[in-house]
Amino acid sequence: RMPLDHLLKVIVLGRSQVGKTSFVQQYVSGHFKEGYKVTIGVDFAMKTMEWSDDQIIRLQFWDIQGQEDTLPMTRAFYKDADGCILMFDLTNDKSFKYCKLLKQAVDTEIPTKDGHSLPCILLGNKCDLTNRVMTSKDVADLSNSLQCIAWKEISVKENRHVEESVRCILEAIMEKR
Ligand code: GDP
Ligand code: MG
């Protein structure tokens, strides 16, 4: 029997410098490069995986250029998204607060077929740093109030919880299929 093929689009949102490009790179190619990687327009990355014996996932990440004050809300970017990664930097409270705006925009801009909001996972990156300003409770509270499917503290640099964060969002997406 031919395996079922799922093409999934996951958008990665967050303020500039939180680690979006690094995250996608770490997940897709398994390495971390120090330094800011300028994203011009939209970055795409694909990874194909066997989800189960009879299902294949072709996962497509859309990572948009960081924008500080204007939400990166163009139709083409959001169109047909299956899931969303909301990322902030645990050492930067502005990036944390920005997630609220982003989630609200996602909920208004992306209608889903079943009337539920798009599955979103809230990720606090850079947990390897000691100068964090957001506590785990802050993150849990925001995740609950925004109705994210889950929240995690991760380090893209040390490859902590990157893989399982993606798995978590994929599980939420695949549950509905
Ligand atoms: P983007 O603007 O959201 O795409 O962020 P980048 O992926 O370009 O990363 C911004 C900066 O944060 C770069 O200097 C990265 O090397 C750094 N960075 C990304 N992830 C981590 C992490 O987990 N820990 C630390 N300490 N730095 C990170
Ligand atoms: Mg980037």
Side-chain angles (χ1 to χ4, degrees), residues 8-47 49 59-73 77 81 83-107 117-173:
L8 303 183
K9 172 178 173 180
V10 171
I11 55 177
V12 188
L13 299 179
R15 220 166 171 250
S16 168
Q17 295 274 18
V18 299
K20 300 178 300 297
T21 303
S22 301
F23 178 90
V24 172
Q25 191 170 67
Q26 176 68 271
Y27 180 76
V28 171
S29 5
H31 62 84
F32 178 80
K33 270 205 310 240
E34 206 68 60
Y36 182 61
K37 292 152 280 294
V38 183
T39 306
I40 298 157
V42 185
D43 265 354
F44 302 93
M46 278 280 276
K47 187 160 176 164
M49 71 197 85
L59 175 59
Q60 192 179 46
F61 288 105
W62 289 50
D63 163 23
I64 206 168
Q65 183 176 7
Q67 293 171 38
E68 267 51 73
D69 304 308
T70 51
L71 296 171
M73 294 294 154
F77 182 67
C84 167
I85 291 173
L86 272 181
M87 193 179 295
F88 68 97
D89 173 347
L90 287 160
T91 69
N92 182 302
D93 68 328
K94 269 192 185 162
S95 73
F96 178 75
K97 293 194 187 99
Y98 194 56
C99 285
K100 187 175 172 183
L101 281 177
L102 288 170
K103 179 63 162 70
Q104 287 165 346
V106 163
D107 288 345
S117 56
L118 192 75
C120 281
I121 186 167
L122 181 65
L123 300 181
N125 188 28
K126 310 194 187 180
C127 73
D128 56 282
L129 298 176
T130 51
N131 57 325
R132 58 184 284 166
V133 290
M134 311 318 304
T135 66
S136 299
K137 186 177 183 306
D138 294 329
V139 186
D141 287 348
L142 185 66
S143 174
N144 287 334
S145 74
L146 297 180
Q147 294 185 295
C148 294
I149 56 158
W151 61 274
K152 289 187 195 304
E153 296 174 342
I154 69 167
S155 168
V156 173
K157 183 176 183 176
E158 297 182 347
N159 200 12
R160 277 152 70 181
H161 308 304
V162 170
E163 183 96 29
E164 68 182 74
S165 298
V166 175
R167 179 149 280 274
C168 184
I169 187 86
L170 290 180
E171 270 163 6
I173 295 169

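Here the structure is a predicted model, which means the values were calculated and not measured. Each residue takes its place number in the sequence, starting with 1.
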Rounded distance (nearest 0.5 Å) linking atom CD of Glu158 with atom CG of Asp128: 4.5 Å
Nearest heavy atoms of Pro119 and Ile173, plus distance in Å: CG-CG1, 4.4 Å
4.5 Å side-chain heavy-atom contact, Val166 and Val10: no
By side-chain contact (heavy atoms from CB on, under 4.5 Å) - contacts of Asp138 (at least two apart): Phe96, Met134, Thr135
Contact check, side chains of Glu153 and Arg132, non-hydrogen atoms, under 4.5 Å: yes
Min side-chain heavy-atom separation Ile154-Ser165 under 4.5 Å: yes
Inter-residue atom distance Cys99.SG - Lys94.NZ, 0.5 Å rounding: 14.5 Å
Separation of Arg15 CZ from Phe88 CZ (nearest 0.5 Å): 13.5 Å
Stepwise side-chain contact (heavy atoms from CB on, under 4.5 Å) check, Trp151 with Leu123: CA-CA 6 Å; Trp151 61 274; Leu123 300 181; over 6 Å; no
Rounded distance (nearest 0.5 Å) linking atom CG of Leu90 with atom OG of Ser155: 9.5 Å
Criterion side-chain contact (heavy atoms from CB on, under 4.5 Å) on Leu59 and Met49, from CA distance to verdict: CA-CA 8 Å; Leu59 175 59; Met49 71 197 85; 3.9 Å; yes
For Ile149 against Cys168, the heavy-atom pair lying closest together: CD1-O, 3.9 Å
Atom pair CZ (Phe61) and CD1 (Ile11), whose distance is rounded to the nearest 0.5 Å: 12.0 Å
Pairwise side-chain contact, Asn125 with Lys20, heavy-atom cut-off 4.5 Å (strictly under): no
Lys/Arg-Asp/Glu bridge criterion (N-O < 4.0 Å) met for Glu163, Arg167: no
For Cys148 against Leu122, the heavy-atom pair lying closest together: SG-CB, 4.0 Å
Verdict with supporting geometry, Ile85 and Leu13, side-chain contact (heavy atoms from CB on, under 4.5 Å): CA-CA 6 Å; Ile85 291 173; Leu13 299 179; over 6 Å; no
Heavy-atom side-chain proximity of Val139 to Leu142 below 4.5 angstrom: no
Beyond-backbone contact of Leu86 with Ile121, side-chain heavy atoms, under 4.5 angstrom: no
side-chain contact (heavy atoms from CB on, under 4.5 Å) evaluation trace for Lys9 with Trp62: CA-CA 7 Å; Lys9 172 178 173 180; Trp62 289 50; 3.4 Å; yes
Separation between OG of Ser136 and NZ of Lys152, rounded to the nearest 0.5 Å: 12.5 Å
Short side-chain donor-acceptor distance under 3.5 Å, Ser117 and Gln147: no
Residue pair Ser95 / Asp89, side-chain donor-acceptor N/O under 3.5 Å: no
For Ala81 against Leu118, the heavy-atom pair lying closest together: O-CD1, 3.2 Å
Sub-4.5 Å side-chain heavy-atom contact between Leu146 and Cys120: no
Check: Val24 and Gln26 side chains under 4.5 Å, non-hydrogen atoms: no
Stacked cation flag Lys47 on Tyr27, 6.0 angstrom / 45 deg: yes
